[in-house]
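First up is the structure itself, then whatever we jot down about it.
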Amino acid sequence: MTTEKKPLPFIANFAAGAFAGITEILTFYPLDVVKTRAQLATGKAEHGLVGTMRQIIKTEGVGRLYRGLVPPLLMEAPKRAVKFAANDFWGKTYLGLTGEKKMTQNLSIVTGCTAGATESFVVVPFELVKIKLQDKTSTFKGPMDVVKQIIQKEGVLGLYAGMESTMWRHFWWNGGFFGVIFTVRGQLPKAETQKQQLLNNFISGSFGGFAGTVLNTPFDVVKSRIQGYNKVPGVVPKYNWTYPALVTIFREEGPAALYKGFVPKVLRLAPGGGVLLLVVEATLGIIRNALGPPYI
C-alpha cells in the first residue's frame with residue numbers, strides 16, 4: 001500500500017519560488033536591459049540584440065547591463081508570496097464556482113490570468129524604478145534616488161504609473177504560460193524518474209514562457225513607454241492608457257513596433273520559464289528529502 005505525499009507547507013513553496021525567481025533574474029537580466037532599450041526607442045531600431053549589447057558595453061561599460069538589478073531582486077519575495085497566494089485563492093474559487101473536482105486547462109488559464117492581474121499590484125513600483133534606471137538617458141544615482149524624485153514631483157501615487165498596462169501584461173503572460181504548460185505536460189510521456197520529471201518541467205515551462213511572451217509583448221512595449229516617460233507639468237503624456245497606446249504605436253510605427261524587444265524577451269522568458277519550473281521542482285525535492293516522511 002502506497003501513502004500519498006503530504007503537501008509541503010506554504011513557506012516551502014514560497015521559498016522555492018523565490019529562489020527560482022532570483023536564479024532566473026541573475027541568469028538572464030542583461031537581456032531585460034536590452035529589451036527595455038529597444039521598447040523605449042521610437043522609430044526603426046538601429047541595432048539588433050547583439051549590436052545593442054555591444055554598444056552598451058562599448059559606450060557605457062559592462063556594469064550597465066546590470067543597472068536596475070536591485071528592484072527586481074527586492075520584488076521577487078513579495079511577488080512570489082502574492083503569486084502563490086493568488087493562484088491558490090483563485091484556483092479554489094473557480095473550482096468552487098464551476099463544481100469541478102480538479103483543475104482543467106480552461107480553469108488553469110482563467111486562474112493564471114486573474115492571479116497575474118492580482119500580482120501586478122505588487123510589482124508596479126519595482127518595475128517603474130527598474131525602467132527608469134535601465135533607460136539610456138537615465139541620470140538617477142540609484143533606486144532610492146528614483147523613488148525620492150518621483151515622490152517629490154508626483155507624490156506616492158506616482159510610483160504606480162503604468163499600473164493598468166502592467167496589469168494587462170501580467171494578465172496575458174500568466175494566461176498563456178499556465179494554459180500552455182497544462183497542455184504540454186499532458187502531451188509529454190509520463191516521467192518515470194526525477195530526471196525525466198525535471199526535463200518535462202523544463203520543456204513545458206519553455207513552451208509556456210514562449211506563449212506568454214508572444215501574447216504579452218505588445219502590452220510590455222506600452223508599459224515601458226508609459227513608465228519611461230518623463231512627465232512635464234501641463235503636458236498630457238503621449239501614452240496613458242494601454243489599448244489607445246497600442247493603436248497609437250501601431251498607427252505611427254507599424255505593427256512590428258508592438259514587438260520591439262521580442263527577441264531578447266523571448267530568449268529570456270522561454271528558457272527562463274523552463275528554468276523557473278526546473279529550479280522550483282528541484283528545490284522542492286531537496287526540501288522534501290530534508291523534511292523526510294510524510295513529505296516524501
Side-chain angles (χ1 to χ4, degrees), residues 4-22 24-25 72 74-127 160 162-186 200-201 204-220 222-223 242-243 269-270 272-281 283-284 287:
E4 255 187 64
K5 292 179 185 176
K6 184 179 178 181
L8 286 166
F10 171 80
I11 188 64
N13 288 290
F14 166 68
F19 180 66
I22 289 170
E24 188 271 337
I25 290 168
L74 292 177
M75 171 179 70
E76 201 55 34
K79 174 184 172 182
R80 291 294 155 192
V82 172
K83 182 187 283 287
F84 277 107
N87 266 310
D88 184 61
F89 172 79
W90 291 114
K92 288 177 179 176
T93 300
Y94 291 132
L95 283 172
L97 288 173
T98 59
E100 295 282 355
K101 299 297 181 186
K102 62 179 183 178
M103 194 62 69
T104 63
Q105 182 182 24
N106 288 338
L107 285 180
S108 183
I109 293 171
V110 174
T111 299
C113 287
T114 317
T118 306
E119 175 191 341
S120 65
F121 286 90
V122 175
V123 307
V124 174
F126 297 96
E127 282 284 328
Y160 279 84
M163 173 70 226
E164 183 236 6
S165 55
T166 302
M167 183 197 74
W168 286 117
R169 184 186 77 155
H170 284 258
F171 178 92
W172 289 112
W173 196 87
N174 276 267
F177 180 74
F178 287 109
V180 169
I181 63 172
F182 187 93
T183 303
V184 173
R185 276 175 171 169
N200 283 0
N201 285 328
S204 59
S206 295
F207 274 99
F210 179 80
T213 303
V214 170
L215 286 174
N216 93 330
T217 296
F219 301 93
D220 196 30
V222 170
K223 184 193 82 70
T242 304
Y243 287 95
L269 292 180
V275 168
L276 276 173
L277 281 182
L278 192 151
V279 176
V280 164
E281 293 301 323
T283 306
L284 289 177
I287 292 172

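Please read these numbers as outputs of a predicted model, since none were measured by experiment.
- For the residue pair A211 and G176, the shortest heavy atom distance occurs at CB-O, 4.0 Å.
- With rounding to the nearest 0.5 angstrom, the CG atom of L74 is 10.5 Å from the CD atom of E76.
- In this structure, OG1 on T283 lies 11.5 Å from CG on L8, to the nearest 0.5 angstrom.
- Side-chain rings of Y243 and W168 approach one another, their centers coming within less than 6.0 Å.
- E119 contributes atom CD, which lies 13.0 Å from atom CE of M167 (distance to the nearest 0.5 angstrom).
- At least one side-chain heavy atom of H170 sits under 4.5 Å from a side-chain heavy atom of V123.
- Aromatic pair Y94/F89: centroids not less than 6.0 angstrom apart.
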| message | With side chain to side chain contact (heavy atoms under 4.5 Å, CB included) as the criterion, how do L215 and W173 come out once you've worked through the C-alpha distance, each side chain's angles and the decisive distance to 0.1 Å? | response | CA-CA 6 Å; L215 286 174; W173 196 87; over 6 Å; no
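- Of all non-hydrogen atoms in V184 and F207, the two that sit nearest each other are CG2-CB, 3.9 Å.
- Between the CD atom in E281 and the CG atom in L284 there is a gap of 5.5 Å [rounded to 0.5 Å].
- Residues Q105 and F182 come closest through the heavy atom pair N-CE2, 3.3 Å.
- Of all the heavy atoms in L107 and K102, the pair that sits closest is CD1-O, 4.4 Å.
- Side-chain N/O atoms of Y160 and T166 include no donor and acceptor closer than 3.5 Å.
- Taking CZ of F219 as the start and OG of S165 as the end, the distance is 10.0 Å to the nearest 0.5 Å.
- The closest donor-acceptor contact from the side chain of E164 to the backbone of T242 lies under 3.5 Å.
- For the residue pair N216 and R169, the shortest heavy atom distance occurs at ND2-CG, 3.0 Å.
- A side-chain contact (heavy atoms from CB on, under 4.5 Å) with T111 is found for exactly one of N87, N174, N106, namely N87.
- Although no hydrogens or angles enter the test, the distance criterion places a donor-acceptor pair under 3.5 Å between the side chain of S204 and the main chain of N201.
- Here the CH2-OG1 distance, from W172 to T213, works out to 15.0 Å after rounding to the nearest 0.5 Å.
- Heavy atoms only, all atoms of each residue included: M163 and S120 are closest at CE-OG, 3.4 Å.
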